[in-house]
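Below is one structure; the comments refer to it alone.
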Amino acid sequence: MQQTKNSGSAPTTSSILDANAYQGRGADGTLVRRRADVLASAYRLFYREPVQLVRGSGVHLYDADGAEYLDAYNNVAAVGHAHPRVAAAVARQVATLTTHTRYLDAGLVGYAERLLATMPAALDRLVLTCTGSEANDLALRAACAVTGGTGVIVSEEAYHGNTALVTGVSPSLGPGAPRGEHVWRVPVREMAAAVAEALAEMSAAGVRPAALLVDTVLSSDGVHPDVDGLAAATTAVRAAGGVLIADEVQPGFARTGATFWGFERHGLDPELVTMGKPMGNGLPVAGLAGRRSVLDALAASTPYFNTFGGTHVSIAAASAVLDVIEDEQLQANAARVGHEFLTALREVAARRALVGEVRGAGLYLGVDLRAAPGVDEPGTTTAADVINLMRRRRVLTSVCGPHGSTLKVRPPLPFSSGDVDRFCTELDAVLGELEAAAG
């Protein structure tokens, strides 16, 4: 088990931000160079050849030259880029009124009622924020308030956001990011035993547990939607006095197909659930759902207000997203097309010696790549080559995992069978090129 420590001035190398990052500055006068000259160096661009996107529609994106790309990566526009119903709802509301949550708003209350109805009955209160980072920050504060503990358990390559508090529980940001004092990292495999060991170490160190915080598809760890031991780990944490925080920023809102929320696939009933990215289809809205007793413990000591969390415009977008998911049956589509996608990717894997394990749930899939054909070593360079060759073929995806060797395939929910065929055809061709070059 690894308890993270403050790491001082270590280099900033992130498994999720740097594995697919543009490394240059661009020629004088180009947009790339102008960008580098005015934006902070912490910003990253994708791909060896950055893409300038100017328009989106459904699962398609278009660059400044009019070229069309298949989007197999962006879960922010979960119901499709520039969805007309979301755009219309936002346009109507922004032309009418937008202000904060300290005035009565029937739309806000109705949305909270509707969203909480998708969750277990015990999760009966909602707090709205702007980002998933804020939601996870608030969840950790609530967990510490209700338990009196400070110990937090996360997965080895977890990413939960970028506030000071959640950076401390996001080891995927790299060794240069400050770590929380009482944070334990556990491996994805054999999670129940690893969590039990972490709890024992906490006890020996005199640290009281506050929470197990987990993304329920373990996306930054390399996409592990069916990890064993999560339920047993939750039971152990609760027995030690902690709570479960389910981070649904990645798997939530019907993405896994079988269920609306990722935690449901594991049979879990969390004390706290965080959500973000797909909630407003590109509008900055996120939230924290929790049990009243847990959220009241935080409110008793610290009031919370967020100027832009839950504005009229954000609620209009979020409500329209729920409408589209329901009316266009996108959860069923994620289940059906996701199964087709998983099957097709495994067929590619059977033909290509550069591919290892393929995992997935609904429209969230991970494809492990090897360093060389038939060699069971992480293919960091292989993955970088694959995503850049796919980008040249106008199919966009990225990578994840501790070695940046897993393709992260996470398209908008309207992805179709034809889109699956296109993705797999291009992936098969790219892998064929790389295998031929390897001899």
Side-chain angles (χ1 to χ4, degrees), residues 56-61 70-90 92 107 110-121 123 126 216-217 219 223 225-226 246 248-267 273 275-283 285-287 289 314-345 359-365 397 409-424:
S57 178
V59 301
H60 304 285
L61 294 164
L70 178 66
D71 183 5
Y73 176 76
N74 287 292
N75 73 327
V76 176
V79 300
H81 293 280
H83 195 288
R85 289 183 66 179
V86 180
V90 169
R92 283 193 302 271
Y111 178 76
E113 292 170 340
R114 187 178 178 190
L115 185 69
L116 291 172
T118 68
M119 297 183 180
L123 293 163
L126 180 68
T216 55
V217 291
S219 56
V223 187
D226 296 310
E248 293 290 320
V249 172
Q250 302 281 353
F253 291 91
R255 177 156 295 278
T256 62
T259 57
F260 197 83
W261 301 106
F263 65 79
E264 295 176 276
R265 296 183 61 255
H266 302 281
V273 175
M275 62 204 82
K277 288 182 174 68
M279 197 170 175
N281 213 53
L283 267 286
V285 56
S314 295
I315 292 300
S319 297
V321 166
L322 290 183
D323 290 339
V324 172
I325 290 173
E326 180 179 341
D327 294 346
E328 297 185 9
Q329 300 182 340
L330 292 183
Q331 182 175 333
N333 187 71
R336 178 181 60 81
V337 177
H339 177 72
E340 294 175 8
F341 211 169
L342 186 63
T343 300
L345 286 169
R359 300 173 293 275
L363 286 173
Y364 211 135
L365 305 106
T397 190
V409 186
R410 186 188 57 180
L413 297 180
F415 217 65
S416 69
S417 300
D419 299 324
V420 169
D421 290 342
R422 177 179 172 184
F423 183 97
C424 291

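Because only heavy atoms are used, hydrogens play no part in the values below, and waters and symmetry mates are left out as well, while side chains stay in.
- Proximity of Val79 to Glu328: side-chain heavy atoms (C-beta onward) are nowhere separated by under 4.5 Å.
- The two atoms that bring Ala286 and Met275 nearest to each other are CB-O, 3.2 Å, heavy atoms only.
- Atom NE2 of His60 is separated from atom CG of Leu70 by 6.5 Å, given to the nearest 0.5 angstrom.
- Glu248 and Gly262 make their closest contact through OE1-N, 2.6 Å (heavy atoms, listed as atom of the first residue, atom of the second, distance).
- By the ring-ring contact (aromatic ring centres under 6.0 Å, His included) test, Phe341 is found to be paired with Phe415, Phe423, residues two or more places apart in sequence or in another chain being considered.
- Listed here is the closest heavy atom pair of Arg336 and Asn333: NH2-OD1, 3.1 Å.
- Scanning both residues, Leu115 and Trp261, for their nearest heavy atoms gives CD1-CZ2, 3.9 Å.
- Atom CZ of Arg359 and atom CG of Leu342 lie 10.5 Å apart (nearest 0.5 Å).
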(Q) Evaluate Leu123 against Phe263 for side chain to side chain contact (heavy atoms under 4.5 Å, CB included), listing each step before the verdict. (A) CA-CA 13 Å; Leu123 293 163; Phe263 65 79; 4.3 Å; yes
Q.
Leu345 vs Cys424, test: side chain to side chain contact (heavy atoms under 4.5 Å, CB included). Steps then yes/no.
A. CA-CA 7 Å; Leu345 286 169; Cys424 291; 3.9 Å; yes
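- With hydrogens and angles disregarded, no donor-acceptor distance shorter than 3.5 Å links the side chain of Asn74 to the backbone of Ala77.
- Counting heavy atoms from C-beta outward, Pro278 and Val321 have side chains that stay 4.5 Å or more apart.
- For the residue pair Asn281/His83, the side-chain donor-acceptor check at 3.5 Å is not satisfied.
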Q: Could you walk me through whether Arg85 and Asp323 pass the side chain to side chain contact (heavy atoms under 4.5 Å, CB included) test, one step at a time?
A: CA-CA 9 Å; Arg85 289 183 66 179; Asp323 290 339; 3.5 Å; yes
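- A side-chain donor-acceptor contact under 3.5 Å links Arg255 to the backbone of Leu363.
- Note that CG of Asp71 and CG of Leu61 are 4.5 Å apart. Values are rounded to the nearest 0.5 Å.
- Between Leu413 and Phe253, the closest heavy-atom pair is CD1-O, 3.5 Å.
- For the pair Ser314 and Val285, the tightest heavy-atom approach, listed with the atom from each and the gap, is CB-CB, 3.9 Å.
- With respect to the salt-bridge test (charged N to carboxylate O, under 4.0 angstrom), the residues Arg114 and Glu326 qualify.
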Q: In sequence, state the C-alpha distance, the side-chain angles, and the governing distance for Gln250 and Lys277, and then conclude on side chain to side chain contact (heavy atoms under 4.5 Å, CB included).
A: CA-CA 7 Å; Gln250 302 281 353; Lys277 288 182 174 68; 4.3 Å; yes
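- Expressed to the nearest 0.5 Å, how far NE2 of His266 lies from OG1 of Thr216 amounts to 5.0 Å.
- Atoms OG1 and CZ, from Thr259 and Arg265 in turn, are 6.5 Å apart once rounded to the nearest 0.5 Å.
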